[in-house]
Asks: 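Provided herewith is a single structure, encoded as structure tokens, for subsequent inquiry.
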Amino acid sequence: MGLKIGIPRALLYYDYFLLWNTFLESLGVEIVLSQKTNKDIVNNGIKSAVEETCLPVKVFLGHVHNLAQKKVDYLFIPRYISVEPRRFLCPKFMGLPYMIKHLIPGIPPVLNVDIDMRKQKGELPVEMYRLGRLFTFNPWKIRMAYRLARENQKSFKKMMLQGFLPEEVFFNGTEKSKALKRTVLKENDQDRNVLRIGLIGHSYNLYDKYINMNILEKLQEMGVQIITSKMFSEAEVNSGLKKLQKDIFWTFGKETIGSAFYLLEERITHGIILLVSFACGPDSIIMDLIDRAYKRAGIPCLTLVLDEHSAEGGVITRLEAFIEMLKWRKQKNEGYFSTHGKPVDCPESPF
Ligand code: SF4
């Protein structure tokens with residue numbers, strides 16, 4: 001029987017699980033996932049975390065606790081530094097394996113691999129080869145495993161653009177999966193009865209139902225068509241980024257601001273919702289830039305800050321009020337309705 005390796009169902013699991021799962025399984029490894037996020041997982045994560053940690057990292061710690069109970073041989077916690085040239089991930093990802101080892105004693109050994117695409121040369125990154133060597137001495141097998149993993153990852157990215165949900169794709173494949181249906185949206189779109197909303201945030205906030213209190217389903221039940229920040233092509237994101245005077249050097253910051261600005265430029269949604277993690281440094285800047293741009297343009301923008309104390313009832317009330325306001329603005333053509341709580345004829349209003 002192969003080695004059992006535990007992967008926490010949190011943070012970049014929603015972006016890279018298929019890649020790691022394909023690579024490791026091709027080398028004979030058995031993958032064990034932590035349970036879906038729940039109250040116990042969050043509480044255990046909070047107990048281990050230092051005060052100022054952001055919610056997604058606290059949740060990640062909780063998933064590590066959960067895996068530690070599943071008797072795995074190793075935990076797989078990559079150290080993500082950079083996933084594209086000239087850009088970096090948030091420093092929390094860079095320190096994650098070390099943080100885990102120090103904050104949660106007694107866990108299974110951590111398998112760590114540095115993901116730094118700035119340094120990649122050739123088809124097979126050295127770090128992947130080193131990782132593969134832990135399971136086989138056959139270099140050809142490692143190369144083939146990595147090739148298959150990359151192909152699956154490419155297909156996964158395409159499915160995300162079409163609106164598929166990550167876990168649906170991981171476990172059901174495309175045929176049986178539900179999708180949010182990314183259609184070509186233009187301002188003069190025929191279907192004027194549909195209310196469209198951009199949902200902007202990190203994958204772990206968008207797709208972890210427990211963290212976001214099932215916002216996707218709630219919005220769908222309200223009859224809203226959703227377009228998430230993971231449903232934009234590189235070209236669309238780059239087109240949105242042209243509005244900025246300076247480049248953004250965080251990869252996920254680039255995605256969120258690029259997609260939000262693209263929506264603003266194309267005027268294809270009736271409003272946007274920003275899902276922000278409490279205590280997230282990058283979000284505090286990026287989301288504020290988006291919020292200001294939408295205010296200037298007079299397009300409604302709702303910011304939902306997610307933390308461990310967020311109450312579902314409060315979130316639903318805010319969502320319902322936001323959707324109701326959008327419907328009024330749209331159906332009754334009451335575009336003069338204030339989008340941000342200030343009377344539009346207020347003389348001091350800067351908008
Ligand atoms: S980007 Fe923000 S939410 Fe994500 S890990 Fe970094 S600080 Fe936490």
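As the structure lists them, so they are numbered: ligands from 1, and atoms in each ligand from 1.
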Asks: Please check if any side-chain donor atom of E84 sits under 3.5 Å from a side-chain acceptor atom of T251, or the reverse.
Replies: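 Yes, side-chain donor-acceptor contact under 3.5 Å.
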Asks: Ignoring hydrogens and angles, write down the donor-acceptor pairs under 3.5 Å from the side chains of residues 133-142, residues two or more places apart or on other chains.
Replies:
residue: R133; atom: NH1; partner: Y129; partner atom: OH; Å: 3.1
residue: T136; atom: OG1; partner: N138; partner atom: N; Å: 3.0
residue: N138; atom: OD1; partner: W140; partner atom: N; Å: 3.0
residue: N138; atom: OD1; partner: K141; partner atom: N; Å: 3.3

Asks: For T228 and Y207, does a side-chain donor sit closer than 3.5 Å to a side-chain acceptor?
Replies: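 Yes, side-chain donor-acceptor contact under 3.5 Å.
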Asks: How close does the nearest protein non-hydrogen atom get to atom 4 (Fe) of ligand 1, and which residue and atom is it?
Replies: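 Answer, as residue, atom name and distance: Y204 OH, 2.2 Å.
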Asks: Do the charged groups of E265 and K242 touch, with an N to O distance under 4.0 Å?
Replies: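 Answer for the salt bridge query: no.
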Asks: Check for me: within less than 2.8 Å of atom 8 (Fe) of ligand 1, which protein N/O/S atoms show up?
Replies: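 Result, waters dropped: C54 SG.
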Asks: Could you verify whether a donor N or O on one side chain and an acceptor N or O on the other, from D283 and H202, lie under 3.5 Å apart?
Replies: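 Their side chains do contain a donor-acceptor pair, which is all the 3.5 Å distance test asks for.
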Asks: Between the main-chain N or O of D114 and the side-chain N or O of R79, is there a donor-acceptor pair closer than 3.5 Å?
Replies: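 No; zero donor-acceptor contacts below 3.5 Å.
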